[in-house]
Amino acid sequence: MEPVRSEFVPDPSLSREAMESLQRDIADAAVFDDDFDFDPATIRFGSAVDLTDDTQQRLTGDGPIVAGVDQAFLDDGDRALSAVVALQNGDVVERAHAVVDTEIPYIPGLLSFREGGAILAALSNLAIEPDLLVVDGSGCIHFREAGLATHIGVVVDVPAIGVAKNLLCGTPTEPIPDRMPEGERIPIEADDRVETAETGTVIGHAVQTRQYDSGTTSINPLYVSPGHRVSAVTTASIVAQCAAGYKLPEPMRLADRAADRHKRECLDG
DNA sequence: GCGACAG
DNA sequence: ATCTTGTCGC
């Protein structure tokens with residue numbers, strides 16, 4: 001798949017001011033409401049096909065194609081490796097990846113200008129057209145509501161959601177407990193750090209996709225937000241539904257593994 | 001000066 | 001993101 005909004009393609013050579021200006025334009029072009037054809041409820045993972053169960057419903061037709069995207073770095077960050085894994089009806093239907101030289105360092109709020117090029121290169125190597133992109137990083141939980149997932153989603157104009165392991169900005173409507181119960185979600189509201197949204201606007205959710213029943217250790221929640229063409233509530237539901245026994249939603253978990261695997265091959269031989 | 005933030 | 005063995009817990 002290729003960019004359809006070339007004017008928004010991340011350019012690492014831009015000045016910081018130009019980057020921030022572009023992000024505002026991207027946020028304007030982004031749609032933080034449900035605007036897609038497929039039925040989110042039909043997204044299925046795992047080979048949960050139990051032929052002995054008469055009550056189960058048979059899948060009619062093909063479910064949506066969901067693609068996970070994740071990055072790894074080589075040469076101490078000099079090169080970014082992006083991996084994409086596309087799933088449909090619980091099966092991997094295509095994989096793609098790309099390695100691109102990084103031009104700028106990591107700067108909070110400007111992540112897409114560091115990693116965006118590698119992601120778009122990987123997506124261009126993907127023949128299939130995904131119905132949804134699951135990107136590692138924030139979507140509209142961002143200072144200008146233009147995080148990595150939003151930037152990528154708008155450039156290729158495909159529904160996208162952002163899944164982050166840490167909160168960039170915004171405030172939970174209630175304190176995140178040390179041990180959030182599995183399945184629970186807490187809204188994240190825009191605060192004074194989110195320049196483009198009115199304070200109090202729900203921009204995402206903390207979602208606990210997995211939790212230990214007991215013990216000393218606990219798992220932290222994921223911070224999910226709309227990237228493009230998906231609402232905050234739907235984003236949380238999709239992520240919860242994509243959890244297949246692991247913290248990360250299955251498409252992202254597989255992309256994560258693919259990125260690490262490619263990285264190794266790139267190092268040793 | 002203080003605050004502090006994805007990957 | 002990345003540097004990294006053993007180790008605590010189910």
Side-chain angles (χ1 to χ4, degrees), chain A residues 10 12 16 19-20 23 26-27 68-84 97 99-120 122 133-153 160-172 176 179 182 188 190-197 203-207 210-227 235 239 245-249 252-253 255-264 266-268:
Chain A
R16 178 172 190 137
M19 289 180 180
E20 297 183 350
Q23 290 184 324
I26 288 169
V69 185
D70 188 57
Q71 285 71 244
F73 293 88
L74 309 173
D75 318 315
D76 290 308
D78 291 334
R79 288 189 298 169
L81 187 165
S82 181
V84 182
H97 70 102
V99 177
V100 172
D101 291 329
T102 54
E103 307 292 333
I104 60 174
Y106 164 66
I107 300 171
L110 300 178
L111 182 64
S112 63
F113 291 92
R114 172 174 166 76
E115 305 186 352
I119 294 175
L120 292 175
L133 298 178
V134 181
V135 182
D136 72 302
S138 283
C140 66
I141 291 185
H142 179 275
F143 310 129
R144 290 164 292 283
E145 293 183 287
L148 186 58
T150 301
H151 201 146
I152 297 301
I161 61 178
V163 178
K165 302 175 195 65
N166 294 288
L167 191 57
L168 175 63
C169 57
T171 305
I176 303 297
R179 183 191 214 76
E182 187 168 304
I188 303 297
D191 55 23
D192 55 3
R193 289 177 295 176
V194 182
E195 311 163 11
T196 57
I203 52 179
H205 296 267
V207 177
R210 188 191 175 190
Q211 186 55 280
Y212 296 134
D213 299 312
S214 61
T216 305
T217 56
S218 64
I219 299 175
N220 295 137
L222 290 173
Y223 295 93
V224 310
S225 57
T235 294
V239 171
Y246 296 89
K247 172 175 179 174
L248 294 179
M252 253 191 68
R253 193 178 72 83
D256 205 27
R257 290 178 65 265
D260 284 334
R261 180 167 62 76
H262 286 129
K263 179 178 180 178
R264 284 189 175 184
C266 219
L267 293 178
D268 55 32

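To find a chain, count down the sequence lines: A is the first, B the second, and so on, and within it residues start at 1.
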**Q** Within this structure, what is the NE2-to-P distance between A:His151 and B:dG7, rounded to whole angstrom?
**A**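 Checked: the NE2 to P distance equals 18 Å.
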**Q** Has A:Asp78 got more than 12 heavy atoms of other residues, nucleotides or ligands less than 6.0 Å from its CG?
**A**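 Yes - once you tally the heavy atoms of other residues, nucleotides and ligands closer than 6.0 Å, there are more than 12.
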**Q** So A:Glu20 and A:Phe143, side chain to side chain contact (heavy atoms under 4.5 Å, CB included) or not? Walk me through it.
**A** CA-CA 10 Å; A:Glu20 297 183 350; A:Phe143 310 129; over 6 Å; no
**Q** Keeping the roles fixed (side chain from A:Ser225, backbone from A:Gly139), state whether a donor-acceptor pair exists under 3.5 Å.
**A**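 Judged by distance alone, yes, a pair lies under 3.5 Å.
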**Q** Quickly work out the A:Asp256 CG to C:dT2 C1' distance and round it to whole Å.
**A**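 Rounded to whole Å, this separation is 13 Å.
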**Q** When Watson-Crick pairs (N1 to N3 and N6-O4 or O6-N4) and G-U wobble pairs (N1-O2 and O6-N3) count only below 3.5 Å on both distances, what is the dot-bracket string of DNA chain B, with | for other-strand pairs?
**A** .......
**Q** Rounded to the Å, how far apart are A:Arg79 CZ and C:dT2 P?
**A**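 Going from CZ in A:Arg79 over to P in C:dT2 covers 14 Å.
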**Q** Could I get a table of every N or O pair under 3.5 Å where one atom is in the protein and the other is in nucleotides 4-6 of chain B?
**A**
residue	atom	partner	partner atom	Å
B:dC5	O4'	A:Leu168	O	3.0
B:dA6	OP2	A:Tyr106	OH	2.6
B:dA6	N7	A:Gly109	N	3.3
B:dA6	N6	A:Gly109	N	3.4
B:dA6	N6	A:Gly109	O	3.2
B:dA6	N6	A:Leu110	N	3.3
B:dA6	N6	A:Leu111	N	3.0
B:dA6	N1	A:Leu148	N	3.2
B:dA6	N3	A:Ser138	N	3.1

**Q** Measure the spacing between CG of A:Leu168 and CG of A:Leu111 and express it to the nearest 0.5 Å.
**A**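 It is 9.5 Å, given to the nearest 0.5 Å.
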**Q** Answer yes if the ring centres of A:Phe113 and A:His151 are under 6.0 angstrom apart, and no otherwise.
**A**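 Ring centroids of A:Phe113 and A:His151 are less than 6.0 Å from each other.
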**Q** In whole angstroms, how far is the P atom of B:dG7 from the OH atom of A:Tyr223?
**A**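 Going from A:Tyr223 (OH) to B:dG7 (P), I get 11 Å.
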**Q** Please report the distance, rounded to the nearest Å, between CD1 in A:Ile152 and P in B:dG7.
**A**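 Value for this atom pair: 15 Å.
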**Q** Rounded to whole angstroms, how far apart are CG on A:Asp192 and P on B:dC2?
**A**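 Going from A:Asp192 (CG) to B:dC2 (P), I get 19 Å.
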**Q** Charged N to carboxylate O below 4.0 Å: is that the case for A:Arg144 and A:Glu195?
**A**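 Salt bridge present between A:Arg144 and A:Glu195.
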**Q** Is it true that a side-chain atom of A:Asp191 and a backbone atom of A:Arg193 form a donor plus acceptor pair closer than 3.5 Å?
**A**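 Such a contact is found between A:Asp191 side chain and A:Arg193 backbone.
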**Q** Locate the shortest heavy-atom distance separating A:His142 from A:Val194; write the atom from each residue and the value.
**A**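 Shortest heavy-atom separation between A:His142 and A:Val194 comes out as O-CG1, 3.6 Å.
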**Q** Where the side chain of A:Gln23 meets the backbone of A:Gly109, is there a donor-acceptor pair that is under 3.5 Å apart?
**A**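 Flag set: sc A:Gln23 to bb A:Gly109 pair under 3.5 Å.
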**Q** Give every pair of a protein N or O atom and an N or O atom of nucleotides 5-10 of chain C that lie under 3.5 Å apart, one pair per line with the distance.
**A**
residue	atom	partner	partner atom	Å
C:dC10	OP1	A:Ser214	OG	3.2

**Q** Minimum heavy-atom separation for A:Met252 to A:Val69, with atom names?
**A**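 Between these two residues, the closest heavy atoms are CG-O, 4.2 Å.
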**Q** Scan A:Ala72 against the nucleic acid and name what it touches under 4.0 Å (heavy atoms): base, sugar-phosphate only, or nothing.
**A**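 The answer is sugar-phosphate, as A:Ala72 gets under 4.0 Å only of primed atoms, P, OP1 or OP2.
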**Q** Does the Lys NZ or Arg CZ of A:Arg253 fall within the cation-pi geometry relative to A:Tyr246 - under 6.0 Å from the ring centre and within 45° of the axis?
**A**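 Pair A:Arg253/A:Tyr246 counts as cation-pi.
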